[in-house]
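For reference, the structure is listed below as structure tokens.
Protein chains get the first letters and strands the later ones, always in sequence-line order, with residue 1 at the start of each.
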Amino acid sequence: MLDIKYLRNNRDEANQRLLDRNVADGVLDQLLADDEKRRSLIKEVEQLKAKRNQVSDQIGAAKREKDDVSAKKAIADMQLVSDQIKDLDQQVTAIDKIVHDQEAQLPNLADPRVPVGPDDSYNVEQRTWEPANLSGRPAAFSKTPDWLKPHYDIGEDLGILDFERGAKVSGARFLYYVGAGARLERAIYNFMLDEHRREGYTELLTPYMVTNESMYATGQFPKFVDDAYEVGKDQAMTMIPTAEVALVNWRRDEIMDESELPLYITALSPAFRQEAGAAGKDTRGLIRLHQFNKVEMVKFTKPEDSYDELEKMTVNAENILQKLELPYHVIRLSTGDMGFGSAMTYDLEVWFPTQNKYREISSVSNDEDFQARRAHIQYRDGDGRLHFVHTLNGSGLAVGRTVAAILENYQNEDGSITIPKVLRPYFGEDKIDQEHRN
RNA sequence: GGAGAUAUGGCAGAGCGGUAAUGCAGCGGACUCGAAAUCCGCCGAACCGAUGUAGAGUCGGCGCCGGGGUUCGAAUCCCCGUGUCUCCUCCA
């Protein structure tokens, strides 16, 4: 949610910044016109209410003094006023909803440092990273050896990924991990959670179904209802599309103590997404699923600290890739490519040798006070004043895509997979092949 | 799933149709070399509107779990929800 007072007082600037976020021209004008209507109605009804309160006082006093005549007259007057109030209140409720519905559709404004552009072609690469010693593994931008198989093929060959039966049981974009595949997934997220705990994040296990209020508070609703799985007969519930929803809402409607900030939390969870309209051929295998595991990081910070914390969180995500020795780069998303609630986003993209390109594996965002306004998360400073916190979220990392990246980057000519060193204590073995696949 | 109880300020806790007691905590002051104790005063979240601003302030609305209703007037009466607690039931 944007600050309506900012929109009112900085109309031209706000309009330009909304245009940068691909919001149609005229949307802000409409909102502000309705906002003005709303405020003038409120003013009108509040004046009547003030009068009613005043006269009601007099009625009470008159009754105490047994002055029935003037009480009766005042009551008759107030019946009229009361009717007017009722009518105006209805108008206020209606315009309130209209204004609010428009506000809820507006994305966050981008930080001035974000490159302006309508789509992902305006994203800017920040840095690339590749392990010093690849030990014969394919390097970024090098020629891919002919024997190298896409992760979904090598996974099926080894019998550790079962897409066919996943489709039988649940439809397209579902799968079973089998034996060493399931264990690899488990090794990876345990490793990730341990790393984040060491970095100061508190691990949470969260609900996987949330109310629609929660989805609204983090910005998924109302705009992206079609992307979510809604369940429940009596009460509408939604399967979380990311642990971010459960993590940020953990502190919804709360006033935090200044001493709690910054607060770091993390969770592993499945993420459920309809992926409506996302059909495409380069999304085979583990890249785009209706259900996938992800380790998510969330921070609540003071406003003045949030951009430092964004850099740190990005480093936390990079650390995972570096320890796994996977080549990646970091890009800063343009105004047109960022998520709805974000003011600045870094994406981490990992190298996929069979596709000869980087693919997204993590997205780290500073939402500033956008979610905090919707979710009512504030903190009290030393002077007792209230401020909205800033919220940040980042994947650390998408687990399924990490499996995919390992199956490609650590693949050997004989069809085996070397387990990254750092995962061996978690996995228990140093490779997967036809003899070691359970 | 069934039955009952309960929901008021940071906390405790009255009020049960005339517009939120009181205590503790907090803030300011007096007393004191200082502190404690005592005394005096202030303080009812959040939110919205007007005015105004360096910050503030002032006025009004709203405000007693949420949403409706009755009434000139609702914390109080009526209806529909929700959370929490206890007992039973069911489970992992």
Selection residues 178-195 of chain A - residue pairs positive for salt bridge (Lys or Arg N to Asp or Glu O under 4.0 Å), sequence neighbours left out: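 Qualifying pairs, neighbours excluded: A/Arg183-A/Glu429, A/Glu195-A/Arg198, A/Glu195-A/Lys323.
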How would you list all residue pairs meeting salt bridge (Lys or Arg N to Asp or Glu O under 4.0 Å) that involve residues 73-82 of chain A, not counting sequence neighbours?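 Counting only pairs at least two positions apart or across chains, the salt bridge (Lys or Arg N to Asp or Glu O under 4.0 Å) contacts touching residues 73-82 of chain A are A/Lys73-A/Asp77.
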Rounded to whole angstrom, note down the [atom1] distance from [N] over to [M].
N: B/C39; M: B/A25; atom1: P; result: 12 Å
N: B/U53; M: B/G66; atom1: C1'; result: 36 Å
N: B/C79; M: B/G4; atom1: P; result: 14 Å
N: B/A12; M: B/G68; atom1: C1'; result: 32 Å

Listed in order of residue number, which residues of residues 73-91 of chain A have a non-hydrogen atom at under 4.0 Å from RNA chain B?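 RNA chain B contact set from residues 73-91 of chain A: A/Ile75, A/Met78, A/Gln79, A/Ser82, A/Lys86.
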Rounded to whole Å, how long is the line connecting atom [atom1] of [X] with atom [atom2] of [N]?
X: A/Arg380; N: B/A25; atom1: CZ; atom2: P; value: 19 Å
X: A/Asp96; N: B/C62; atom1: CG; atom2: P; value: 15 Å
X: A/Asp253; N: B/U82; atom1: CG; atom2: C1'; value: 14 Å
X: A/Leu48; N: B/C72; atom1: CG; atom2: P; value: 16 Å
X: A/Asp57; N: B/G18; atom1: CG; atom2: P; value: 12 Å
X: A/Gln54; N: B/G18; atom1: CD; atom2: C1'; value: 15 Å
X: A/Met256; N: B/G10; atom1: CE; atom2: C1'; value: 17 Å

Regarding A/Arg359 and A/Asp347, does a basic nitrogen lie under 4.0 Å from an acidic carboxylate oxygen?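 Here A/Arg359 does not pair with A/Asp347 in a salt bridge, since their nearest N and O are not under 4.0 Å apart.
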If I compare all heavy atoms of A/Thr301 with all of A/Asp305, which pair ends up nearest, and what's the gap?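 Closest heavy-atom pair between A/Thr301 and A/Asp305: OG1-C, 4.3 Å.
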Closest heavy-atom pair and its distance - A/Thr391, A/Val248: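 Taking every non-hydrogen atom into account, CG2-CG1, 4.4 Å.
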Does a side-chain heavy-atom distance below 4.5 Å link A/Leu106 with A/Leu7?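 The answer is yes; the side chains approach within 4.5 Å.
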A/Leu386 vs A/Lys51, nearer the 5' end of RNA chain B by closest nucleotide: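 Comparing both residues, the 5'-ward one is A/Leu386.
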Does NZ or CZ of A/Arg273 lie under 6.0 Å from the centre of the six-membered ring of A/Tyr229, at an angle within 45° of the ring axis?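 No; the conditions do not both hold, so A/Arg273 does not lie above the ring face of A/Tyr229.
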Decide yes or no on side chain to side chain contact (heavy atoms under 4.5 Å, CB included) for A/Leu184 and A/Ile419, but give the supporting numbers first. CA-CA 9 Å; A/Leu184 179 59; A/Ile419 300 298; 4.2 Å; yes
Is the A/Phe370 ring parallel, tilted or perpendicular to the A/Phe340 ring (thresholds 30°, 60°)?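 Geometry flag for A/Phe340 against A/Phe370: perpendicular rings.
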Just jot down the side chain to side chain contact (heavy atoms under 4.5 Å, CB included) partners of A/Thr418, sequence neighbours excluded, or say none.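 So A/Thr418 forms a side chain to side chain contact (heavy atoms under 4.5 Å, CB included) with A/Tyr410, A/Asn412, A/Arg424.
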Do nucleotides 49-60 of chain B as a string where each nucleotide becomes B, S or -: B if the base has a protein heavy atom under 4.0 Å, S if just the sugar-phosphate does, - if no protein is that close. SS----SS---B
Could you go step by step and tell me if A/Lys302 and A/Glu258 meet the salt bridge (Lys or Arg N to Asp or Glu O under 4.0 Å) rule? CA-CA 8 Å; A/Lys302 293 188 201 176; A/Glu258 189 177 20; 3.2 Å; yes
Please, what dot-bracket string fits RNA chain B when only Watson-Crick and G-U pairs with both distances under 3.5 Å count, crossing ones use [ ] and pairs to another strand use |? ((((((((.[[[..)..(...]]].(((((.......)))))....(((((.....)))))...[[[[[..)....]]]]])))))))....
